[in-house]
Protein chains: 2
Amino acid sequence: MAGRTRSNPLALAVLCLLTERPMHPYEISSTLRERHKEASIKLNYGSLYSVVDSLQRRGLIAPQETVREGRRPERTVYTITESGITEMTDWLSDLLARPAQEFTRFEAALSLMPILSPGEVLRLLEIRLRSLRAQETAYEATFGGAPGAFPRLFLIELEFKARLLRAEIEFVDALADELRSGTFEGIKLWRRMHELRLAGTSPERIEQLLTEEFREEMSWLTELTDRG
Amino acid sequence: MAGRTRSNPLALAVLCLLTERPMHPYEISSTLRERHKEASIKLNYGSLYSVVDSLQRRGLIAPQETVREGRRPERTVYTITESGITEMTDWLSDLLARPAQEFTRFEAALSLMPILSPGEVLRLLEIRLRSLRAQETAYEATFGGAPGAFPRLFLIELEFKARLLRAEIEFVDALADELRSGTFEGIKLWRRMHELRLAGTSPERIEQLLTEEFREEMSWLTELTDRG
DNA sequence: CAGCGAATACTCTGGATCGAGTATTTGACG
DNA sequence: CGTCAAATACTCGATCCAGAGTATTCGCTG
């Protein structure tokens with residue numbers, strides 16, 4: 001029943017908030033913002049209203065009343081239904097218990113990295129590192145500084161974010177170091193590849209030359225093509 | 001010029017591959033798979049063809065020829081254009097140099113976690129932990145085992161993935177430990193909240209009682225509402 | 001009390017995306 | 001040499017979603 005409809009976590013957030021009390025969409029969005037959930041759950045109006053619509057069509061929430069305050073536009077207040085509560089519990093449990101493939105942009109970029117030259121990649125990673133370190137300092141200032149200012153129970157996702165940030169800093173720092181010192185495995189092949197490309201060598205010729213010059217490093221390739 | 005059109009990293013991957021040599025869409029997809037890039041870049045046919053279309057409309061790639069092999073359906077082979085190369089370089093550089101907000105599902109789930117009871121969350125996290133550890137073992141078997149089987153240069157994103165996985169394991173493990181031993185900050189408040197909810201207490205009454213019973217832990221709330 | 005920016009509260013549109021479906025061909029096996 | 005699965009090579013349609021746009025009202029300042 002759920003399947004593909006469980007794509008946008010914003011829908012889950014809506015269900016969770018409506019468990020507390022009935023709200024209208026805009027109130028949902030401002031509550032999420034107040035609680036700093038926009039840092040972990042992508043929120044924009046366009047999606048919010050369409051997500052609310054879809055939840056209603058699926059019978060997981062229901063309009064309770066439409067009120068008009070002063071001459072403001074009408075607001076539709078929604079309640080969660082029985083099946084909405086079930087869906088929320090199931091979905092949230094699933095997200096917590098089952099790791100899912102996540103695709104981050106940085107990962108994608110790393111996977112395509114060899115297309116730039118090692119020197120250029122080093123330069124870019126150094127820039128990234130500065131940003132990441134600044135972010136970490138900002139985190140520490142906000143949460144490390146005032147203990148108990150905001151209870152940990154309601155901030156746990158930021159703690160997780162901070163851990164991932166730390167891991168990324170360590171990774172990027174180590175990688176940059178290896179590029180700087182030239183100890184990165186395969187950097188000679190990588191440099192030669194760009195040398196040839198700059199010289200206007202054709203892709204086929206590049207592959208041929210590299211396979212000759214770096215027999216050992218390229219053995220995986222010949223094995224692959226031998227098998228295929 | 002680019003802006004919102006830089007949303008799907010699959011488009012970047014297409015540009016990168018066409019830098020090597022002209023290809024038709026299906027060849028692009030199989031090459032990505034051969035190189036294990038589908039682990040870092042979400043790939044599905046529907047998106048691939050629409051992404052290729054959009055790249056062509058934007059003049060970043062151009063159809064080179066349509067060939068027919070045997071009685072197979074026609075295939076359109078695409079080349080990258082000059083502006084395509086520029087766009088690729090700019091985009092990839094940007095992704096490497098500038099950290100972007102990433103929204104993972106687990107983070108979203110963590111941020112909504114308090115809606116489940118602490119006991120239930122512990123149970124779910126323990127399940128997650130088992131999966132995560134199994135994943136880590138699988139990684140080690142594949143890459144740690146045979147050094148040089150696949151050159152590090154073309155696998156760097158998986159190394160990054162492994163680091164993030166490690167960080168997540170450490171985080172979840174520590175959190176589960178605190179829940180198990182009851183040392184998690186705010187766990188009493190959390191438990192009481194669920195006790196009241198189970199007893200059918202109304203949301204308003206719950207908030208009132210909690211504010212009374214946990215004056216210190218809830219100070220952030222009263223401060224918030226006082227200010228607003 | 002006039003004016004202006006911020007907040008309230010959405011709506012609309014066009015493009016992005018995803019999964020499922022389709023039709024052919026090759027290769028393996030008995 | 002028949003057939004059955006896997007690989008090849010897409011197409012289609014129904015959602016989904018992002019961002020910009022709109023209209024009103026509140027609150028502050030001079």
Any side-chain N or O of B:R57 less than 4.0 Å from the OP1 or OP2 oxygen of C:dA16?
-> yes
Just wondering, are more than 12 heavy atoms of other shown residues or ligands nearer than 6.0 Å to CD in B:E82?
-> no
May I ask you to evaluate whether B:K42 reaches the phosphate of C:dT17, defined as a side-chain N or O under 4.0 Å from OP1 or OP2?
-> no
Do the side-chain N or O atoms of B:S47 get closer than 4.0 angstrom to the phosphate oxygens (OP1, OP2) of C:dC18?
-> yes
Among the candidates C:dT8, D:dA9, C:dA16, find the nucleotide nearest to the side-chain atoms of A:Y26.
-> C:dT8
Which nucleotide sits closest to the side chain of B:P25: C:dT17, D:dC16, D:dC10?
-> D:dC10
Upstream residue (5' side of DNA chain C) when B:Y45 and B:V51 are each assigned their closest nucleotide | B:V51
Between C:dT8 atom P and A:L48 atom CG, what is the distance in whole Å?
-> 14 Å
Backbone of A:S47 reached by a side-chain donor or acceptor of A:N44 within 3.5 Å = yes
B:N8 side-chain N/O to C:dA16 phosphate OP1/OP2 under 4.0 Å | no
Minimum-distance nucleotide (side-chain atoms of A:Y49 versus C:dC10, D:dC10, D:dC17) | C:dC10
Rounded to whole Å, the CG-C1' distance (A:N44 to C:dG15) equals 14 Å
Enclosure of B:R166 CZ (heavy-atom neighbours >12, cutoff 6.0 Å) | yes
Compare side-chain N and O positions of A:S54 against OP1 and OP2 of D:dC17 and report whether any pair is under 4.0 Å apart.
-> no
Just to confirm, is there a sub-4.0 Å distance from OP1 or OP2 of C:dT8 to any side-chain nitrogen or oxygen of A:H24?
-> no
Separation of C:dA9 atom P from A:M23 atom CE, nearest Å, is 13 Å
For the student: nearest non-hydrogen atoms of B:F103 and A:A39, plus distance = CE2-O, 3.7 Å
In whole Å, what is the span from the CD atom of A:E27 to the C1' atom of C:dT8?
-> 12 Å
To the nearest 0.5 Å, atom CG of A:L116 lies from atom SG of B:C16 at 7.5 Å
